[in-house]
Participant: 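Pasting in a structure now, in structure tokens, and then I'll have a few things to ask.
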Amino acid sequence: MKPFCLAPMAGINSTAFRLLCKENGADIIYTQMYDVNLLCTKTKEEVKKLLNIKKEEHPVVIQLIGSNLKKFRQTIPLVEGLAEEININVGCIEKRYLEHDCGAALLKDPEELGYLVKRIVACTKKPISVKIRIGWDGQSLNAVKVCNILEDNGVKKIIIHGRTAMQKYAGKSNWTIMKQVKEKSSIPIIANGDVKSYQDGLDLLERTGCDEVMVGREAKYAPWIFSNKQLTKDDIIKQILRYIELYETYENRCSVSEVYDQVFRMTRDIETTINKRDVKECASIAEIKQFISGLNS
Ligand SMILES: Cc1cc2nc3c(=O)[nH]c(=O)nc-3n(C[C@H](O)[C@H](O)[C@H](O)COP(=O)(O)O)c2cc1C
């Protein structure tokens with residue numbers, strides 16, 4: 001099994017981006033989170049179009065966020081045919097979700113979370129996994145307890161982002177708690193947080209004993225992190241042009257700003273005297289391609 005997978009990232013994990021990560025060696029691809037309150041109002045065809053998962057991406061995990069069992073029950077039949085696994089987001093810290101007891105808010109009451117998850121597990125044959133943080137805050141580091149409850153309630157895999165909800169993205173990801181969770185669990189545990197290179201990922205696996213590593217933010221800038229290759233400037237330009245090709249071939253929308261935002265991120269490691277931010281002045285995808293090709297001079 002390849003040990004690196006792509007983290008769910010809202011606003012980032014487009015079809016083209018997911019495919020590029022896959023081409024670079026990502027093992028399992030996670031979609032961004034989808035709100036069950038939104039999906040449950042759609043038809044199967046509408047959901048299929050929205051998620052736009054291509055056969056080359058599999059195995060794929062669809063991530064759902066919510067706290068209302070009825071909405072999960074309505075949504076799961078719409079998505080279960082599209083992926084190998086369904087993941088529940090118990091780590092999101094966005095205010096609008098916390099206010100509705102979704103995402104990381106569910107960590108505050110592990111028994112209630114277990115009750116919800118048990119019923120979600122019962123409504124599908126697809127494996128259910130859960131992505132958590134290590135606790136709500138520094139006074140409630142309850143990841144071990146939460147994971148034991150999740151396992152007892154039929155969850156097949158757990159991903160841990162090594163920060164509390166209150167930490168948001170500050171401080172360092174806590175690898176010690178991941179190790180404790182792994183030691184106390186008999187299901188696969190995926191470690192997540194602060195992997196900035198392939199070597200970091202291998203270190204994380206070794207230090208925690210976890211089964212796989214999940215990479216988020218670094219993949220936004222360097223989707224080739226999954227390949228363990230050192231890229232030259234020329235290689236990076238080829239990757240960017242490949243991303244654009246995938247976007248034009250597979251995406252079912254055409255947003256110039258979506259393309260230049262992703263392209264700009266991927267220019268991070270290119271040294272040039274050209275102002276890379278100017279890519280955001282491009283008015284079409286053709287102009288973006290021309291701009292990127294110009295970075296080679
Ligand atoms: C732009 C962005 C969007 C994210 N969206 C999601 C999401 O939809 N679902 C989720 O579980 N986590 C989401 N996350 C959190 C990541 O999946 C990951 O847990 C976090 O970034 C830590 O990993 P990293 O240090 O490798 O980035 C998001 C993170 C970022 C930066």
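Fair warning: this is a prediction, and the values are worked out from it, not measured in the lab. First listed ligand is number 1; within each ligand, the first listed atom is number 1. This chain uses plain numbering: 1 for the first residue, then up along the sequence.
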Participant: In the protein, what heavy atom is nearest to atom 15 (C) of ligand 1, and what distance, to one decimal place, separates them?
Facilitator: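 Of every protein heavy atom, Tyr169 OH, 3.3 Å lies nearest to atom 15 (C) of ligand 1.
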
Participant: Return the option from Lys131, Arg217, His161 holding the heavy atom at the smallest distance from atom 16 (C) of ligand 1.
Facilitator: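 Looking at heavy atoms only, the winner is Lys131.
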
Participant: Please state whether Tyr30 comes within less than 4.0 angstrom of ligand 1, counting heavy atoms only.
Facilitator: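 Per 4.0 Å heavy-atom rule, Tyr30 does not contact ligand 1.
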
Participant: Using a strict cut-off of 4.0 Å, indicate which atoms of ligand 1 neighbour a heavy atom of Ala7.
Facilitator: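 Listed by number with element: 17 (O).
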
Participant: Just distances here: any N/O of Val215 and N/O of ligand 1 closer than 3.5 Å?
Facilitator: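 By distance alone, the answer is no.
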
Participant: Does Lys220, backbone or side chain, put an N or O under 3.5 Å from an N or O of ligand 1?
Facilitator: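 No.
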
Participant: Nearest to atom 17 (O) of ligand 1 by heavy atom, Gly193, Pro8, Gly216: which?
Facilitator: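 Considering heavy atoms of Gly193, Pro8, Gly216, the nearest to atom 17 (O) of ligand 1 sits in Pro8.
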
Participant: Looking at Lys145 and Glu111, is any side-chain nitrogen of the basic one under 4.0 Å from a carboxylate oxygen of the acidic one?
Facilitator: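 Lys145 and Glu111: salt-bridged.
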
Participant: Which one holds for Met9 and ligand 1: side chain close, backbone close, both close, or neither close, with close meaning a heavy atom under 4.0 Å?
Facilitator: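 Within the 4.0 Å criterion, Met9 contacts ligand 1 through backbone and side-chain atoms alike.
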
Participant: Are any side-chain N or O atoms of Asp194 and backbone N or O atoms of Ser173, one a donor and one an acceptor, separated by less than 3.5 Å?
Facilitator: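 Side chain of Asp194 to backbone of Ser173: a pair is present.
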
Participant: Quick test of your reading of the structure: of Asn192, Ile12, Asn87, whose heavy atom lies closest to atom 19 (O) of ligand 1?
Facilitator: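 The nearest heavy atom belongs to Asn192.
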
Participant: Among all protein heavy atoms, pick out the one at the shortest distance from atom 3 (C) of ligand 1; state its residue, atom name and that distance to 0.1 Å.
Facilitator: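 Checking every protein heavy atom, the shortest distance to atom 3 (C) of ligand 1 gives Ala10 N, 3.3 Å.
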
Participant: Who's closest to atom 11 (O) of ligand 1 heavy-atom-wise, of Met214, Met33, Gln63?
Facilitator: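 Result: the heavy atom closest to atom 11 (O) of ligand 1 is in Gln63.
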
Participant: Anything under 30° is parallel, anything over 60° is perpendicular, the rest tilted; go ahead and classify Phe4 against Phe226.
Facilitator: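 Because their plane-to-plane angle is over 60°, the rings of Phe4 and Phe226 count as perpendicular.
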
Participant: What I want to find out is whether Lys289 reaches Glu248 closely enough, with some N-O distance under 4.0 Å, to be called a salt bridge.
Facilitator: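 Between Glu248 and Lys289 there is a salt bridge, with a charged N closer than 4.0 Å to a carboxylate O.
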
Participant: Any N or O of Glu218 that comes nearer than 3.5 Å to an N or O of ligand 1?
Facilitator: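 No, since none of the N or O atoms of Glu218 sits under 3.5 Å from an N or O of ligand 1.
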
Participant: Taking C-beta and beyond as the side chain, do Trp224 and Asp235 meet within less than 4.5 Å on heavy atoms?
Facilitator: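 No; the side chains remain at least 4.5 Å from each other.
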
Participant: Is there a chain of hydrophobic side chains (I, L, V, M, F, W, Y, each step under 4.5 Å between heavy atoms) that links Val130 to Ile65?
Facilitator: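 Val130 and Ile65: separate clusters.
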
Participant: Please determine whether salt bridge (Lys or Arg N to Asp or Glu O under 4.0 Å) holds for the pair Glu85 and Lys157, giving the CA-CA distance in whole Å, both sets of side-chain angles, and the decisive distance to 0.1 Å.
Facilitator: CA-CA 10 Å; Glu85 182 182 314; Lys157 189 164 84 186; 3.0 Å; yes

Participant: Checking Asn87 against Gln63: is there a side-chain donor and acceptor pair closer than 3.5 Å?
Facilitator: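 Yes, a side-chain donor-acceptor pair sits under 3.5 Å.
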
